[in-house]
Amino acid sequence: MVDAELNEPQAVAAAHSRGPLLVFAGAGSGKTRVITYRVANLIANHGVAPWRILAVTFTNKAAGEMRARLETLCGADLARALWVGTFHATCAKLLRVHGAAIGVPPNFVIYDTADQKAVVTRALGDLNLDERRYPPRAVLAHIHKHKQEGRGPDEAAAHSYIDDIALRIFRAYDARLRAANAVDFEDLILLVARLLGTDAEGDKIRRRFDHVLVDEFQDTNATQYRLLSELAKTHRNLCVVGDDDQSIYSWRGADVRNIRGFRREYPDATIIKLEQNYRSSQRIVKAALGVIVRSADREPKELWTANPEGAPVQVTLARDERDEAGLVVETLRRARAEGTNLREIAVFYRVHAQSRVLEEALRAANIPYQIIGGTKFYERAEVKDALAYLRILMNPQSDVDLLRIINVPARGIGQTTVDRLVTWAGGMGEPLFEVLARVREVDDLGAAAKKKLASFRELLDDLRVAARTSTPSALLEHVLASTGYLRALEGEDTAESDARIENLRELVGSVQDYEAEAQAAGEEATLAGLLERVTLVSDVDGLEDAGRVVLMTVHGAKGLEFARVILTGMEEEMFPYKGVDPSERDELEEERRLAYVAITRARQHLTMTHTQMRQIFGKTRWNRPSRFLGELPQGVAEYAVTAAAASGAQQPSYVDRESSFEPAMRPWRHPQVPPPRFVDPDFFDDRASDVNDLSLRRGSRVAHERFGEGKVTRVIRIGEPAVVAVFPGWGEKKILARFLKPAE
DNA sequence: TCTTTGTAATTTTTT
DNA sequence: ATTACAAAGA
């Protein structure tokens, strides 16, 4: 049925009917096509009921696209019956139905990062710990790491004093979540994975699905992996699709080993590699390969394309970030003049901090743009306030929400009153909402405070009555009016308050959208459904504005494609980005994959820019061009320099880089300037050579008098040949080659 | 309770 | 450079 539209490996993957399947899908190789065709095939030719198929993605956008394509392929009715969703949304759905078995009531709320931080802060308070000594952000990262690796507070073990404290915070945090009947993002996965481990309820969930398909499998963490293997335990119909080369979220717990080790876990898995790229020009594919082939430990694969050679990649040097922004504007103008729609163009950067200058230049040049990322709509204070009201109506136990709105808008309930209330409730072990009903019994509260608290509780009770009969949007409007929230904002009458009011209107609008969508899908629009949606939805999901250039970080670009891409800030320290501590090998590997992802987003045109100097975080830095530029193969790129950079008096310190950088023209090179003495040795990567019987290569075994035997991780120069080598027990050392001997 | 001032932090952030 | 957030002051 479908074969004519698929190439050979795609067709084999799509036709696979049962058992584990691993698909390595190179960038632009049509993986969504394979997944959707396979689903269609299962339904049409293998008699699988659509509601017994689960397809999991990481983003709502990916889920939406998949669903849309399945609708075209299978028809709207069948497609609607399929389970297509993100890990989190899918688990939330399952947890609402099955959570009771592990003590999670169906009206749980999902706490986002800000809420979680508030819970940590309160947990620290419970334990009398100093917030400065245990920054909530760091604590939260620690807790998430445990949860991402499958450990709840009971499984996490303490190995040291610090661990012990961390563990106590973890326990207090989780206790607070359970008391509030709230879950964090990690819990959604972890709790369902745990449910699957229970006999009765676990089997109930397992019996729902005959087939499980996973997109972007390289981004799964240990808990997600466990969830998947539990789900597929009986039928083993687990199909995972991903690309280890595009693994860029290890810092968020993703573990590439899941995809690299899949064939070990499932020795009978069918393995298919999609290596033909349908997206990019030959030159762009070659550029991407130049970067990724230097990656260590990758699954061997050969990305290729039958597309035309295409235009050369443009590599341009600018003087500084303002000059670079001017260059971007110029490139956009020219592209527009050539007839490219602005929405087909994207500007990427490594960190958000780079966006500001670009934004200013675009605004000055009157070029419409849209920035993805940064502060998200649902994270704005007024939106969170409004949603907190809704959440407390659904789940009155949610203390974080109650505390957020108890004095918003100001109703004379001060910090002292709140503190006393919290202390009292903490002692009673009761949700604050309950205590509000019996506020008279709280001894250390003044009469005035009691009165205000009682009337706040009355307000909430009235709203709860309204909640039973109103639609979500009507309820929201009612909340905004009857709490005086809107009135308070109107009273402020500033530009900022106007913007906030506008945001609230937008929120009401989006709730109405939700209701319309729910109706179209034949479902009831519920408060729970709405709240789940708003916490599980990010801004990238709403990206389809016409006629605007898109600005985003490279991370934000994953999964997208554009006719033309401008990749900015291609300098050492910017991209690869280097934090304070000496670059970890793994981190560099991830930067490399990130560069690969960035390059492979482009269909026809790719421009890469770098600067001689850049101001970032208030400091001026002179950086050498990114090593990734030096890795572009011969013939794919064309090199240029802006006028400002060419005329610059200062000589950047990177002129001595011909070893790996071969521009067709290098007008910025001023030979009279001597090369700097202190060249960063790390820059001279891979200077493989032989010195006195010693093989200086990455991976060679060498011996040192003091450190013993070690392995070379990098060949460098410190005025003379040298290496970076790892010695067991000593760690990484930089050693001159003449102090080394070949290992026995 | 609200304002001001000071301090620290600032990769990336699918949910 | 910017910003966010906390502590101290009015």
Side-chain angles (χ1 to χ4, degrees), chain A residues 56-64 85-92 110-117 121 131-132 135-138 140-141 144 147-148 183-190 215-216 218-221 223-224 246-254 321 348-357 360 372-376 378-379 381 407 409-418 492 532-541 543 552-560 569 573-581 583 587 590-591 593-595 597-598 614-620:
Chain A
V56 205
T57 64
F58 275 87
T59 65
N60 294 296
K61 185 157 193 287
T86 64
F87 268 100
H88 299 268
T90 305
C91 286
I110 304 166
Y111 278 179
D112 69 13
T113 316
D115 303 326
Q116 293 161 26
K117 237 181 95 190
T121 308
E131 259 185 70
R132 271 166 313 188
R137 233 177 82 101
L140 208 48
H144 284 162
K147 291 190 174 182
Q148 282 157 1
V183 298
D184 61 21
F185 291 135
E186 272 31 87
D187 281 339
L188 287 170
I189 320 280
L190 187 62
D215 191 17
E216 305 277 17
Q218 76 281 355
D219 288 336
T220 49
N221 62 36
T223 308
Q224 287 159 340
Q246 294 184 62
S247 161
I248 57 173
Y249 280 106
S250 72
W251 50 274
R252 261 184 126 282
E321 70 278 1
F348 298 160
Y349 34 79
R350 178 63 181 78
V351 297
H352 275 303
Q354 292 167 258
S355 70
R356 182 187 212 90
V357 184
E360 281 165 8
I372 305 294
T375 324
K376 297 181 179 97
Y378 290 115
E379 283 168 16
N407 196 35
R411 46 175 75 91
I413 302 174
Q415 194 59 51
T416 321
T417 306
V418 172
E492 274 184 46
E532 188 164 304
R533 188 171 118 128
V534 298
T535 33
L536 295 183
V537 156
S538 78
D539 273 10
V540 200
D541 300 328
L543 156 77
M552 63 179 107
T553 65
V554 180
H555 282 88
K558 203 181 74 164
L560 306 176
E573 316 265 287
M574 274 316 284
F575 199 179
Y577 191 91
K578 231 195 207 158
V580 242
D581 64 275
S583 75
E587 286 176 16
E590 186 144 315
E591 294 292 317
R593 296 192 293 263
L594 197 49
V597 168
R614 174 182 300 275
Q615 248 188 55
I616 191 129
F617 301 134
K619 277 195 219 119
T620 305

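A note on names: the letters A, B, ... follow the listed sequences, proteins ahead of strands, and every chain is numbered from 1.
- In this structure, E216(A) atom CD and dT15(B) atom P are separated by 12 Å, rounded to whole Å.
- We find the CZ-OG1 distance between F348(A) and T553(A) to be 9.0 Å, quoted to the nearest 0.5 Å.
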Find every protein N or O atom lying less than 3.5 Å from an N or O atom of nucleotides 2-10 of chain B, and list the pairs.
none

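- Regarding I189(A), its CD1 atom lies at a distance of 15 Å from the P atom of dT14(B), rounded to whole Å.
- Using a 4.0 Å heavy-atom distance criterion, G412(A) is classed as a sugar-phosphate-only contact.
- Remark: E573(A) does not engage R614(A) in a salt bridge, criterion side-chain N to carboxylate O under 4.0 Å.
- Here the CD atom belonging to Q224(A) is positioned 8.0 Å from the CD atom belonging to E186(A), to the nearest 0.5 angstrom.
- Residue R350(A) is in base contact, counting any heavy-atom pair closer than 4.0 Å across all strands shown.
- Going from atom CZ of R252(A) over to atom CD of Q148(A) covers 7.0 Å, rounded to the nearest 0.5 Å.
- Of the candidates dT15(B), dA1(C), dT14(B), the closest approach to any side-chain atom of F58(A) belongs to dT14(B).
- Phosphate proximity of dT14(B) to N60(A): absent, as no side-chain N or O sits under 4.0 Å from OP1 or OP2.
- The listed nucleotides are dT11(B), dT13(B), dT15(B); the one nearest the side chain of H88(A) is dT15(B).
- Rounded to a whole Å, the CG atom of D219(A) is 12 Å from the P atom of dT14(B).
- When rounded to the nearest whole Å, the span between NE2 of H352(A) and P of dT13(B) equals 4 Å.
- Taking the nucleotide of DNA chain B with the nearest heavy atom to each of A353(A) and A89(A), the more 5' of the two is matched to A353(A).
- The nearest whole Å value for the distance from the NZ atom in K61(A) to the C1' atom in dT13(B) is 17 Å.
- Remark: N221(A) CG to S250(A) OG distance equals 11.5 Å, nearest 0.5 Å.
- An OP1 or OP2 oxygen of dT13(B) is reached within less than 4.0 angstrom by a side-chain nitrogen or oxygen of T553(A).
- In this structure, CG in L536(A) is found 12.5 Å from OG1 in T59(A), a value given to the nearest 0.5 Å.
- When heavy atoms are screened at a 4.0 angstrom cut-off, F87(A) is found touching no nucleic acid atom at all.
- Under 3.5 Å, the side chain of R356(A) and the base of dT2(C) form no donor-acceptor pair of N or O atoms.
- With both ends at atom C1', the span from dT3(C) to dT14(B) equals 25 Å, rounded to whole Å.
- With dT12(B), dT15(B), dA1(C) as the candidates, the nucleotide lying closest to the side chain of T59(A) is dT15(B).
- Applying the ring pair (Phe, Tyr, Trp, His ring centres under 6.0 Å) rule to F87(A) yields the partners F58(A); only residues at least two apart in sequence or on another chain are considered.
- Across the protein-nucleic acid pair, W251(A) atom CH2 and dT11(B) atom P stand 12 Å apart, rounded to whole Å.
- dT12(B) atom P lies 15 Å from atom CD1 of I372(A), rounded to whole Å.
- Atoms OH (Y349(A)) and P (dT11(B)) sit 15 Å apart, rounded to a whole Å.
- In this view, E321(A) satisfies the salt bridge (charged side-chain N to carboxylate O under 4.0 Å, His left out) rule with no residue, not counting sequence neighbours.
- Rounded to whole Å, the P atom of dC5(C) lies 15 Å from the corresponding atom of dT12(B).
- Remark on DNA chain B: of its neighbouring residues I413(A) and L188(A), the 5'-side contact belongs to I413(A), judged by nearest-heavy-atom nucleotide.
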